[in-house]
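Letters go in sequence order (proteins before strands), and every chain restarts at 1. FYI, side chains are in, hydrogens and waters are out, and symmetry mates aren't considered; it's all heavy atoms of this structure.
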Amino acid sequence: MAHDTNARLVAIWRVVAAIPVGSVMSYGDVARRAGYPNAARYVGYALSKASQAPELPWHRVVAVGGRIAFPVGSKLYREQRRRLLADGMRVCGAKVRITPVGDMDSLLWSQAD
DNA sequence: GTTGTGACATTAT
DNA sequence: CATAATGCCACAA
């Protein structure tokens, strides 16, 4: 049955719901994992539509590079940042520390803390 | 059916 | 690193 736009929503929600705590995925990654490599935009729409699903860890979905897709100071921005922190992630401004392999900071942080 | 918009990504300058 | 342009997807007017 084609024309199942709902299937895409489900696929996206499914992927988002599968994101483990302490980890985040970019819209593009979610879209790709859902089976739609270039449906990154649709992911945002799907999440906005799923905002009614509190069980959906939408806060683990961020823009590429771990950057929060909301304007700094926005309600959702603070909400997402708060939830990410609650998940035990380090958030620097609008950026989320995504276990950067090869990144000096990760080693330093690992050592410092 | 065309145009505009959005919780985006990628490439080029 | 910032900005502009283009591509992608689906929906609303």
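- Taking atom CG on A/Asn38 and atom P on C/dG7, their separation rounds to 12 Å, with Å as the unit.
- Distance A/Leu9 CG to C/dC11 C1': 11 Å, rounded to the nearest Å.
- With sequence neighbours excluded, the residues that form a side chain to side chain contact (heavy atoms under 4.5 Å, CB included) with A/Arg67 are A/Ala63, A/Ala94, A/Lys95.
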Original post:
What is the per-nucleotide protein-contact pattern of nucleotides 1-6 of chain B, from the 5' end, where B denotes a base atom under 4.0 Å from a protein heavy atom, S denotes such proximity for sugar-phosphate atoms only, and - denotes neither?
Top reply: -----B
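- How far OH of A/Tyr45 is from CG of A/Leu9: 8.0 Å, rounded to the nearest 0.5 Å.
- Nucleotide C/dC9 holds its P atom 19 Å from the CG atom of A/Asn6, rounded to whole Å.
- The backbone N or O of A/Pro20 sits nowhere less than 3.5 Å from a side-chain atom of A/Ser23 that would complete a donor-acceptor pair.
- Spacing between atom CZ of A/Arg83 and atom C1' of B/dA7 amounts to 14 Å, rounded to whole angstrom units.
- When atom types are taken as modelled, the side chain of A/Trp58 and the backbone of A/Ala17 share no donor-acceptor pair closer than 3.5 angstrom.
- Distances from the side chain of A/Ala39 to the nucleotides B/dA9, C/dC9, B/dA7 place C/dC9 closest.
- Nucleotide B/dA9 holds its P atom 8 Å from the CZ atom of A/Arg67, rounded to whole Å.
- What separates CZ of A/Arg33 from P of C/dC9 is a distance of 21 Å, to the nearest Å.
- In this structure, A/Ser26 contributes its side chain and A/Asp29 its backbone to a donor-acceptor pair below 3.5 Å.
- Comparing A/Val61 and A/Arg32, the nucleotide of DNA chain B nearest to each residue sits closer to the 5' end for A/Val61.
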**OP:** Would you check, one step at a time, whether the test side-chain contact (heavy atoms from CB on, under 4.5 Å) holds for A/Ile19 with A/Val61?
**Re:** CA-CA 9 Å; A/Ile19 302 175; A/Val61 182; 3.9 Å; yes
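- Spacing between atom OH of A/Tyr27 and atom P of B/dA7 amounts to 9 Å, rounded to whole angstrom units.
- Here the side chain of A/Gln80 pairs no donor or acceptor atom with the backbone of A/Arg60 at under 3.5 angstrom.
- Rounded to the nearest Å, the gap between the P atom of C/dT6 and that of B/dA7 is 22 Å.
- Between the OH atom of A/Tyr36 and the P atom of C/dC9 there is a distance of 11 Å, rounded to whole Å.
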